[in-house]
Amino acid sequence: MPAVAPTLPDDLREDPRYYLRHFQFVLDWVAAHHDSLLAESEWKFIVGFGELPEVSQALLVRMVSRKGELFRLSRLDYAEIGDSDRALVPLVEAGMVIRDPLIGLDELFAQLRVPELRQCFAERLAAHGIAKSATRQRLLDVIQEYEEAGDAEPQRRRLSHWWTETTDQLVQLTVMPVCDRLRLMFFGNLHQTWSDFVLAELGLVRYQQVDLGELSHAFQCRGDVDLYLALHDLRGRLDEGESIEALLTEIPPPAQDNPWLAERRARLLYRLGQQAQRDGDIPLALHCYGLAGPGEARIRRLRLLERQGEYAEAHRLALEAQASPCGEAEQQGLERLLPRLARKLELPRPELPPTRQPRARVLELPADHLVICGSVELAVRDAISHSDRPAWYVENGLITGLFGLLCWEVVFAPLPGAFFHPFQHGPADLRRDDFVARRRRLFDTALARLDDGSYRDVILDHRQRCAGLANPFVHWELLEPELLSLALDCIPAMDLRCMFQRLLLDPAVNRSGLPDLVQFLPGERPSYRLIEVKAPGDRLQDNQRRWLDWLGRHHISVEVWHVEWRHD
DNA sequence: AGTGAACAAG
DNA sequence: TTCACACTATCAA
DNA sequence: GATAGTGTGTCTCTTGTTCACTCC
Ligand SMILES: [Mn+2]
Ligand SMILES: [Mn+2]
């Protein structure tokens, strides 16, 4: 295995082909770290790319970075490349680009401008007597009618055949799949793109740098990369509206030893089930939910069974689920389902843990405050906020932010598999259920700062040193110094510990559902309160109820305020 | 001619 | 290439 | 009260260009 770490040149801001250096860096990185995961075709691409003239490399990367696979030559105009037609020649020879590819009518309509489409289809549009102001969609409808009139199969033709008078050329990239695969192997996901490099270089997004172990990789085997790509493809086709049955037959088998990919697969199955339910195909939806396994899908499945009148089966499965619980949200769903099912089956009402009602009150406000303040939360904040009792609209940002600042080093601890490239917002295993367990001692140490009073300095110190760096728990724009120091002055360490402990129970899920407002009450007891604002017609969401329940049980001052608008 | 969405690019 | 929250409609007890 | 579905602002930043669409 090559031991040389790929490097990026330092002074890329002067280099007009900076994007090519980024791309080459990824190729080198993948070749160095993932050589065993590459197949013949990827090696062929990497080697072939290296043999291209630099202008051709640059043009290819420009195309890869842009949207879609089809490009008009007239839109490939780059000062640092020059004559694109000439730069294309080696790309076409290498099979990376096709000249004048076969395209369908929809692709043609996406490539040509409306005046060009009028020219292209002048005769048929004239015969149809189409209005001059017709939109592109209208033109497409008309031409589609002509195209579909004869045979059912929609024709694919070259641009030069669709529009013989064209003066432009169309080219098509063929290497998008291999480039996506390489991008995935580098980033460990497909939502980060080639432009992440330049955003980081310009300092628009700043990342905490973590010592990457040489053995830190997103993928351990090629099968996992294939699985990720397959799931991604299926989800794209789901969004395109392809039939659920067809997609379901292509769902790959579950990953045995990769919980991360198993979870992605389950989420896709859950979405397939939701779509099937929307389409009214209940048996198919039940099937998808069943395959998706425990969690949200299990609840949806039980509710569907209930709606089908299959009370006994639903009840049996609900008890089974309760025996192997999967998260508080699922538990909450079961606690609503079981009494209903028991009633239908004329069984005794099941024992439920007592639910505590959060303290609630009604606040009357002039109706025009909604417009003046912009939102109901801000209207309440402005109504109660005074200089000696300041209130802030923080939602989840304050508590998670304090947590992120206190536990900064834990979040960015260089555990194996957590960090593998320099553009990560947070550890890759943040959503895994062993995230906390793997860092238990580190979290214990960080939270111990709450006991000896040193947490205040830790938080303020991280605020100073890390300001602006991406952190999945910290939203810098909210954490003004004034808010931070008020929070540290007014929220007792014991309360912080309590709330942080619930965050640690399920950091990914419990980051949300915290109340809208915090009001600081310096010199009073308690010295702050949390307020969830509810406009008329709004009601507590499940995650908000779970947080309120926890806060109430631990005697943290929290209230739900129902606003009523007063019309004068 | 003006507006706004989409895209490209650094 | 979401995610978190609000809002609305409908059904049932 | 429960559930399902939709809407909204956010969307890694900011700027400039192109184009579609609409209005006059
Ligand atoms: Mn809120
Ligand atoms: Mn609220």
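Residue numbering restarts at 1 for every chain, and letters A, B, ... go by the order of the sequence lines.
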Next item on the list: Between D:dT12 and B:dA1, how far apart are the C1' atoms? Round to whole Å, please.
Entry: 35 Å

Margin query: Could you write out DNA chain C as dot-bracket? Rules: Watson-Crick or G-U wobble, both distances under 3.5 Å, brackets [ ] for crossings, | for pairs with another strand, dot for unpaired.
Written below: ..|||||||||..

Next item on the list: Output yes when at least one side-chain N/O atom of A:Tyr207 is less than 4.0 Å from OP1 or OP2 of D:dT12, else no.
Entry: no

Next item on the list: Using a cut-off of strictly less than 4.0 Å, decide whether A:Arg545 has a side-chain nitrogen or oxygen near OP1 or OP2 of D:dA2.
Entry: yes

Margin query: Categorize A:Ala535 for me: base, sugar-phosphate, or nothing, with a 4.0 angstrom heavy-atom threshold over every strand shown.
Written below: sugar-phosphate

Next item on the list: Find the partner of B:dA6: check Watson-Crick (N1-N3 plus N6-O4 or O6-N4) and G-U wobble (N1-O2, O6-N3) distances, both under 3.5 Å, and reply none if neither fits.
Entry: D:dT17

Next item on the list: Mark yes or no: A:Arg502 above the aromatic ring of A:Trp547, with NZ or CZ under 6.0 Å from the six-membered ring centre and no more than 45 degrees from the axis.
Entry: yes

Check: How about A:Phe186 and A:Phe197: are their ring centroids closer than 6.0 Å?
Finding: yes

Checklist line | Between P of C:dC5 and CG of A:Asp542, the distance in whole Å | finding: 12 Å

Check: Among A:Arg336, A:Arg340, A:Arg300, A:Arg343, which residue meets the salt bridge (Lys or Arg N to Asp or Glu O under 4.0 Å) test with A:Glu306?
Finding: A:Arg340

Notebook entry, point to check: What's the closest nucleotide to the A:Lys67 side chain, out of C:dA6, B:dA8, B:dA9?
Noted result: B:dA8

Notebook entry, point to check: Among the nucleotides D:dT6, B:dA8, D:dT12, which one has an atom lying closest to any side-chain atom of A:Arg278?
Noted result: D:dT6

Item checked: Spacing of the C1' atoms in B:dC7 and C:dT1 (rounded, Å) -> 15 Å

Margin query: Using a 6.0 Å cut-off, check whether atom CZ of A:Arg66 has over 12 heavy atoms from anything other than its own residue.
Written below: yes

Item checked: Minimum heavy-atom distance between A:Val376 and A:Val563, given as atom pair plus value -> CG2-CG2, 3.8 Å

Next item on the list: Measure the distance from CZ on A:Phe197 to P on D:dT12 and round it to the nearest whole Å.
Entry: 18 Å

Notebook entry, point to check: OP1 or OP2 of C:dC5 sitting under 4.0 Å from any side-chain N/O of A:Asn396?
Noted result: yes

Notebook entry, point to check: Heavy atoms under 4.0 Å, any strand shown: does A:Tyr78 hit a base, just sugar-phosphate, or nothing?
Noted result: sugar-phosphate

Checklist line | From D:dT3, C:dC3, C:dA4, nucleotide with atom closest to A:Arg303 side chain | finding: D:dT3

Next item on the list: Calculate the interatomic distance between A:Ile282 atom CD1 and D:dT3 atom C1'; express it in whole Å.
Entry: 14 Å

Item checked: Distance, nearest 0.5 Å, that separates CD of A:Glu313 from CG of A:Leu317 -> 4.5 Å

Check: Does the side chain of A:Asn396 come under 3.5 Å of the side chain of A:Ser512 through a donor N or O and an acceptor N or O?
Finding: no

Check: Over how many whole Å does the gap from A:Leu469 atom CG to D:dT12 atom P extend?
Finding: 18 Å

Note to self: Is A:Arg66 close enough to B:dC7 that one of its side-chain N or O atoms is under 4.0 Å from OP1 or OP2 there?
What the structure shows: no

Next item on the list: Taking atom P in both B:dA6 and C:dT2, compute the distance separating them and give it to the nearest angstrom.
Entry: 15 Å

Item checked: A:Ser512 vs C:dC5: side-chain N/O to OP1/OP2 distance below 4.0 Å -> yes

Notebook entry, point to check: For the residue pair A:Val380 and A:Leu517, what are the closest heavy atoms and their distance?
Noted result: CG1-CD1, 3.7 Å

Notebook entry, point to check: Quick one: does A:Thr400's side chain have a donor or acceptor within less than 3.5 Å of a partner on A:Arg511's backbone?
Noted result: no

Next item on the list: May I have the distance from A:Arg72 (atom CZ) to D:dT17 (atom P), rounded to whole angstrom?
Entry: 20 Å

Notebook entry, point to check: Roughly how far apart, to the nearest Å, are D:dT6 and B:dA8 at atom C1'?
Noted result: 32 Å

Notebook entry, point to check: Using the C1' atom in both, what is the distance from C:dA4 to D:dC13, to the nearest Å?
Noted result: 22 Å

Item checked: Phosphate contact (C:dA4 OP1 or OP2) by A:Asn543 side-chain N/O below 4.0 Å -> no

Notebook entry, point to check: How are the rings of A:Trp194 and A:Phe23 set to each other: parallel, tilted or perpendicular (split at 30° and 60°)?
Noted result: tilted

Checklist line | Closest heavy-atom pair and its distance - A:Leu190, A:Tyr228 | finding: N-OH, 3.3 Å

Check: What distance, rounded to whole Å, do you find between the two P atoms, one in B:dA9 and one in D:dG7?
Finding: 34 Å

Next item on the list: Sugar-phosphate atoms are those with a prime plus P, OP1 and OP2; base atoms are the rest. Using that split, label each nucleotide of nucleotides 8-13 of chain C B, S or - for protein heavy atoms under 4.0 Å, 5' to 3'.
Entry: B----S

Notebook entry, point to check: Using a cut-off of 4.0 Å on non-hydrogen atoms, how would the nucleic acid contact of A:Asp196 be classed: base, sugar-phosphate, or nothing?
Noted result: base

Check: Between C:dT1 and A:His232, is there an OP1 or OP2 to side-chain N/O distance shorter than 4.0 Å?
Finding: yes

Note to self: Regarding A:Glu80, tell me which of base, sugar-phosphate or nothing describes its non-hydrogen contacts under 4.0 Å with the strands shown.
What the structure shows: nothing

Check: Within a reach of under 6.0 Å around NE2 of A:His287, are more than 12 heavy atoms found that belong to other residues, nucleotides or ligands?
Finding: no

Next item on the list: Return the minimal non-hydrogen interatomic distance between A:Val558 and A:Gly552, and the atom names on each side.
Entry: CG1-N, 4.5 Å

Next item on the list: For A:Glu377, answer base if it contacts any base atom (sugar-phosphate contacts may also be present), sugar-phosphate if it contacts only those atoms, and nothing otherwise; contact means non-hydrogen atoms under 4.0 Å.
Entry: sugar-phosphate

Margin query: By the 4.0 Å heavy-atom rule, please label A:Arg267 as base, sugar-phosphate, or nothing.
Written below: sugar-phosphate

Item checked: Minimum-distance nucleotide to A:Arg300 side chain [options: C:dC7, B:dA8, D:dG5] -> D:dG5

Notebook entry, point to check: Tell me, for nucleotides 18-24 of chain D in 5' to 3' order, what letter each nucleotide earns: B for a base near a protein heavy atom under 4.0 Å, S for only sugar-phosphate near one, - for neither?
Noted result: SSSS---

Check: To the nearest Å, how far apart are A:Leu540 CG and D:dT3 C1'?
Finding: 16 Å

Next item on the list: Provide the closest heavy-atom pair for A:Pro339 versus A:Arg349 in the form atom of the first, atom of the second, distance.
Entry: CB-NH1, 4.0 Å

Item checked: Proximal nucleotide (of D:dT12, C:dC5, D:dT3) relative to the A:Gln541 side chain -> C:dC5

Margin query: With a 4.0 Å cutoff (strictly under), does any side-chain N or O of A:Lys534 reach OP1 or OP2 of C:dC5?
Written below: no

Item checked: Options D:dA2, C:dT2, C:dA6, nucleotide nearest the side-chain atoms of A:Arg235 -> C:dT2

Notebook entry, point to check: Take atom CZ in A:Arg237; do more than 12 heavy atoms of anything else shown fall under 6.0 Å from it?
Noted result: yes

Notebook entry, point to check: Given atom CG of A:Leu199 and atom C1' of B:dA8, what is their separation to the nearest angstrom?
Noted result: 13 Å

